[in-house]
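Here the structure is laid out as structure tokens; the discussion comes afterwards.
So that the names make sense, note that chain A is the first sequence line, chain B the second, and so on, each numbered from 1.
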Amino acid sequence: MSKKTWKEIDIASIINKPGSAKDFKTGDWRSQKPVWNEDKCKQCLICWVYCPDSAITVKDEKMTGINFDYCKGCGICAVECPFKAITMVEEKK
Amino acid sequence: MPTIKELTRTGDLFTSGHRACAGCGGTIILRLLMANAGKNTVVGAATGCMEVVSTIYPYTSWDVNFVHNAFENSAATVSGIETAYRALKKKGKIKKDIKFIAYGGDGGTFDIGLQSLSGAVERGHNMLYLCYNNGAYMNTGIQRSSATPFGAHTTTSPAGSKIKGKMQQRKDLTEIMIAHDMKYVAQATPHNWSDLSNKINKALALNGPAFINVLSPCPLGWGSDPAQSIQIAKLAVETLYWPVYEYENGKYKINIKPKKPKDIEEFLFVQNRFKHLKNEKELIDKIRKHLNEKWNELLNKEKCTN
């Protein structure tokens, strides 16, 4: 997003684009990385409920993967997955 | 009760890209809140972590109409919006059904925003107030609030050799809200998403004010492992630290009754904010006694009102 001067900012700093935080990537915060094992996954979507960063991508009620643009690597999904389908590994930069 | 699959259809109305810490419990609560509330919602926020991390200019994580005013008046702001909506609807200028939600942290609810919340509830606005309770002012650097539990270390109640953290018991805000004779008041944690979803839906379906107090694990302030956030919320319920119950139309209902409650030490010592209590048997006994008294009180209330 390009920088605006104070003269161009909307009155009262209203943000006219809802959900614009999607443009801000938080993936580089990560030191641990979740790895999804599709074979073990039973599509219970518990990881989707408990991901604080909405980084579990879901399409047509099925988990399709992890969005590493936003995943901060907290590891909640790996702890909560009832089928141990997600494991945490060291992030290589 | 919605299933997870149904919830995923709403899409993320609280989007990624917010700057909350890894493993934040508050964002899990807000995501669940918005998945249940849906698109036709207006949200107002008190100053606090969840306001600061989600709306850093020029970004916003909110895919619905969102207002932030000040620390003390999220309930007052949303009650004003709700009144304007009712007036416009009466005149036929708005046709849609819109839900109203105000939320705040424990600082913005227990301490600073209590008067505006009390006023909004007394006036009977059709809104849900959700408090994500992480037990201190985490956003400004972990200062004690009236929701901080006994014995917890914060930067303004530091644990030293003489004084072991905060020496006062936390305020029971849920009971204060029940004293307002509200139709719906509840306590919940994110570890049981279906219970929390149920409560959010019940509160939003109501024609009147509702209040939900949700325990929100905070890895930064509690000094806990980010990956364990949900497990700690679970421990809080199993050790009777955080009873999950609701008050509906004058009746108490305890939603989760641990068959064999775990000892409070299991909850305390997964967090660094209590680590100075390790050899303080007396203080732990005091916490245990207080929690047991509160739990028995609650059991009695359930018995009396049913």
Side-chain angles (χ1 to χ4, degrees), chain A residues 1-4 6 8-10 12-27 29-32 34 43-64 66-81 86-88, chain B residues 3-32 34-35 39 50 53-68 190-194 196-197 216-217 219 225-234:
Chain A
M1 202 172 274
S2 63
K3 280 209 174 128
K4 287 181 179 175
W6 65 271
E8 290 151 355
I9 287 175
D10 294 310
S13 297
I14 287 170
I15 306 172
N16 288 318
K17 194 181 160 204
S20 60
K22 275 183 191 158
D23 297 341
F24 188 86
K25 309 280 192 266
T26 52
W29 294 22
R30 201 166 52 237
S31 58
Q32 298 266 313
Q43 296 292 350
C44 66
L45 298 176
I46 286 284
C47 52
W48 179 85
V49 174
Y50 292 133
C51 176
D53 297 295
S54 320
I56 306 290
T57 52
V58 172
K59 207 182 167 204
D60 298 329
E61 303 179 358
K62 288 242 156 60
M63 179 189 174
T64 53
I66 298 160
N67 190 338
F68 289 108
D69 278 348
Y70 305 113
C71 171
K72 292 173 188 156
C74 64
I76 289 182
C77 51
V79 172
E80 298 306 320
C81 178
I86 300 175
T87 43
M88 300 302 286
Chain B
T3 61
I4 302 184
K5 290 200 164 137
E6 282 162 6
L7 289 179
T8 60
R9 278 182 222 150
T10 321
D12 274 308
L13 298 175
F14 181 79
T15 67
S16 330
H18 57 75
R19 327 288 171 90
C21 311
C24 175
T27 48
I28 301 173
I29 297 165
L30 291 184
R31 282 188 60 227
L32 207 52
M34 292 320 295
K39 191 86 183 165
M50 289 305 113
V53 301
S54 65
T55 56
I56 298 175
Y57 192 82
Y59 300 105
T60 176
S61 279
W62 295 91
D63 212 346
V64 293
N65 285 304
F66 178 87
V67 193
H68 164 244
H191 96 272
N192 193 332
W193 66 269
S194 66
L196 180 55
S197 288
S216 167
D225 178 1
Q228 298 294 331
S229 290
I230 296 296
Q231 291 301 314
I232 291 173
K234 195 175 171 195

Looking at chain B, which one of [options] has the largest number of heavy-atom pairs inside 4.5 Å, strictly under?
| options | result |
| --- | --- |
| A:Asp69, A:Val49, A:Asp10, A:Thr26 | A:Val49 |
| A:Cys51, A:Gly73, A:Ala55 | A:Cys51 |
| A:Glu80, A:Lys62, A:Met88, A:Lys25 | A:Glu80 |
| A:Cys74, A:Pro18, A:Ser54 | A:Ser54 |

Derivation of the side chain to side chain contact (heavy atoms under 4.5 Å, CB included) call for A:Ile15 and B:Trp62: CA-CA 10 Å; A:Ile15 306 172; B:Trp62 295 91; over 6 Å; no

Residue pair A:Ile9, B:Tyr57: steps toward the side chain to side chain contact (heavy atoms under 4.5 Å, CB included) verdict: CA-CA 10 Å; A:Ile9 287 175; B:Tyr57 192 82; 3.5 Å; yes

Under 4.5 Å from a heavy atom of chain B, the part of A:Gln32 involved: neither

Given a strict heavy-atom distance threshold of 4.5 Å, which part of A:Tyr50 is in contact with chain B: side chain, backbone, both, or neither? both

Could you walk me through whether B:Thr27 and A:Asp53 pass the side chain to side chain contact (heavy atoms under 4.5 Å, CB included) test, one step at a time? CA-CA 7 Å; B:Thr27 48; A:Asp53 297 295; 5.7 Å; no

Please step through side chain to side chain contact (heavy atoms under 4.5 Å, CB included) for the pair B:Asp225 and A:Val79, ending with a clear verdict. CA-CA 11 Å; B:Asp225 178 1; A:Val79 172; over 6 Å; no

Does [X] use its side chain to pair, donor to acceptor, with the backbone of [Y] at less than 3.5 Å?
| X | Y | answer |
| --- | --- | --- |
| A:Ser20 | B:Thr60 | yes |
| B:Lys5 | A:Leu45 | no |
| B:Arg31 | A:Trp48 | yes |

As an exercise, state the distance from CZ of A:Phe24 to OG of B:Ser61, rounded to the nearest 0.5 Å. 10.5 Å

Approximate separation, where rounding is to 0.5 Å, of B:Asp63 CG and A:Lys22 NZ: 6.0 Å

Is [X] in contact with chain A via its backbone, its side chain, both, or neither, using a 4.5 Å heavy-atom distance?
| X | result |
| --- | --- |
| B:Arg19 | both |
| B:Leu32 | side chain |
| B:Leu7 | both |

Would a 4.5 Å heavy-atom cut-off, applied to side chains only, mark B:Ile28 and A:Pro52 as touching? yes

If you take all heavy atoms of B:Pro226 and A:Ile76, which pair is closest and at what distance? O-CG1, 3.4 Å

